[in-house]
Amino acid sequence: MSGSKGRYTTVSIPVTLYERIKRLIEGTGFTSVSSFVTYVLREVVAQYEAEKGGEVFGEEERRAIIERLRKLGYL
Amino acid sequence: MVSRPHGGRLVRRVATGARAERLAAEAREMHVIELPLDLAADAENIARGVYSPLEGFLVQEDYLHVLDDMRLADDTPWTIPIVLPVSPEELAGVGEGDEVALSYGGEPFAVMRVEEVYGWDKREYALKVYGTRDVRHPGVAKLEQMGELLIGGRLELFKPLPHPFSRYALWPEETRVLFEEKGWRTIAGFQTRNVPHRGHEYVQKAALTFVDGLLIHPLVGWKKPGDYRDEVIVAAYEALIDNYFPRDSIVFAVLRMAMRYAGPREAVHHAIVRKNFGCTHFIVGRDHAGVGNFYGPYDAWEIFREFPDLGVIPLFIREAFYCEKCGGFVNEKICPHSEEYRVRVSGTRLREMIRRGEAPPPELMRPEVARVVLSFENPFT
Ligand SMILES: [Zn+2]
């Protein structure tokens, strides 16, 4: 039913790098080179995404929010 | 800088003005699905961005990914399925592509496009989300009463739900602007469903020492019988904050969200939700969101290792106790003394004292807080 079929794909990395990672993760919590690479990529990708910046409120919208916060006594 | 919303964009699906009026009028012509308060609150939380990047209840692909991988189909970390269960009778022939009105207390408040209707395996859900099929687990027990079908699809709110604590009901867009106005760059979120004892205060202040501001954010609604009533928690925190916190380093607000008691998975969920409120850090307590002995005391700390891309920093702060030798609140890591000098704060013991009308000693609970709690005729649900 909800197995992991079709949820993984293959990317190529140099064999030398593969072997290097394999040595690195020996005795750590990582059970495979793939799980290590996935972990590291997610970390790096999230950093790149974060650089894209966050929420921007319009000037008028922001004023209305500040007005509400004043009324409630937060500002 | 306040945190980036989860998934990159704060979801806001709240209609106002003429659009809200139009949706309200259209909703009167639609098939109505009446929701209990917890699901109605989930719907409002979706619309207000509390669950960003969700724009509606989960469709099947996301649902299965959340169960199996603790991520949405687009790889965004997500640990608790936000789903809308219904019975075939409630659905009454509504099909995919139809629009339905979501209603609470007989009052329609949102419009939802039914993108998908699908079945679910509640036993699989129990095992994956709660880690057990034991019906003594309140989450597992609750599954039994839920509808056999799930409907997924985006929704839009046109009428806010009535809120018992409107004075403290802040939404993510408001806390984000508030933190910015205060000039806070780092903010720690604190999840609670209890009246504060000295151990909580220690943990909050330990975190606050390292960040600009603290969001104290109790969940209100649907707790287990025997838990503190919401108005008691709010009043107790008012007393604590008035007497023991610098006003300019703290924000107190409430969030209406059901406890799932899903332990580790729910700890991550709580962190994601607070990230959407603008928190950069989140305090993960001992046995966070646990119940009974279903989870190990520090299981919730372990699970965070699986999310290098969570975008909110978990703060693992050890449980505090009072040490007579140290002369204050400390934890295992900083106190060298033996158990005979240590006074541990047990929530259960405190509740028993309060139930008997006794004020807990000041090493366990601030007298101002105890006074407020004892002023309620029955502080428990
Ligand atoms: Zn000590």
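Bear in mind the structure is a predicted one, so any value in this text is a computation, not a measurement. Keep in mind that the numbers below use all heavy atoms, side chains included, and drop hydrogens, waters and symmetry copies. Per chain, numbering begins at 1; letters A, B, ... match sequence-line order.
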By the definition side-chain contact (heavy atoms from CB on, under 4.5 Å), identify the one residue from A:Ile66, A:Leu75, A:Ile65 that meets it with B:Leu178.
A:Leu75
Report yes if the side chains of B:Leu170 and A:Leu69 come closer than 4.5 Å at any heavy-atom pair, otherwise no.
yes
Counting C-beta onward and ignoring hydrogens, is there a side-chain heavy-atom pair between A:Arg7 and B:Asp68 closer than 4.5 Å?
yes
Sequence neighbours excluded - salt bridge (Lys or Arg N to Asp or Glu O under 4.0 Å) pairs with any residue from residues 63-75 of chain A
A:Arg68-B:Glu173, A:Arg68-B:Glu174
Sort B:Arg247 into side chain, backbone, both or neither according to what part of it lies under 4.5 angstrom from a heavy atom of chain A.
neither
At a 4.5 Å cut-off on heavy atoms, which part of B:Ala73 comes close to chain A: side chain, backbone, both, or neither?
neither
Identify which of B:Leu310, B:Val2, B:Asp309, B:Asp75 forms the greatest number of heavy-atom pairs closer than 4.5 Å to chain A.
B:Asp309
Below 4.5 Å, heavy-atom pairs only: which of B:Pro308, B:Pro77, B:Gly278, B:Gly311 has the largest tally toward chain A?
B:Pro308
Heavy atoms only: give me the nearest A:Phe57-B:Leu10 pair and the separation to one decimal.
CZ-CD2, 4.4 Å
Can any side-chain N or O of B:Tyr168 pair as donor or acceptor with the backbone N or O of A:Leu72 at less than 3.5 Å?
no
Proximity of residues 156-166 of chain B to chain A, residues having a non-hydrogen atom under 4.5 angstrom
B:Ser166
Atom group of A:Glu61 that falls short of 4.5 Å from chain B, counting heavy atoms
side chain
How would you list, in number order, the residues of residues 9-29 of chain A that have a heavy atom less than 4.5 Å from chain B?
none
Hey, which residues of residues 33-45 of chain A are touching chain B, say heavy atoms under 4.5 Å apart?
A:Tyr39, A:Arg42, A:Glu43
Are there more than 12 heavy atoms of other residues, nucleotides or ligands under 6.0 Å from atom CZ of B:Arg133?
yes
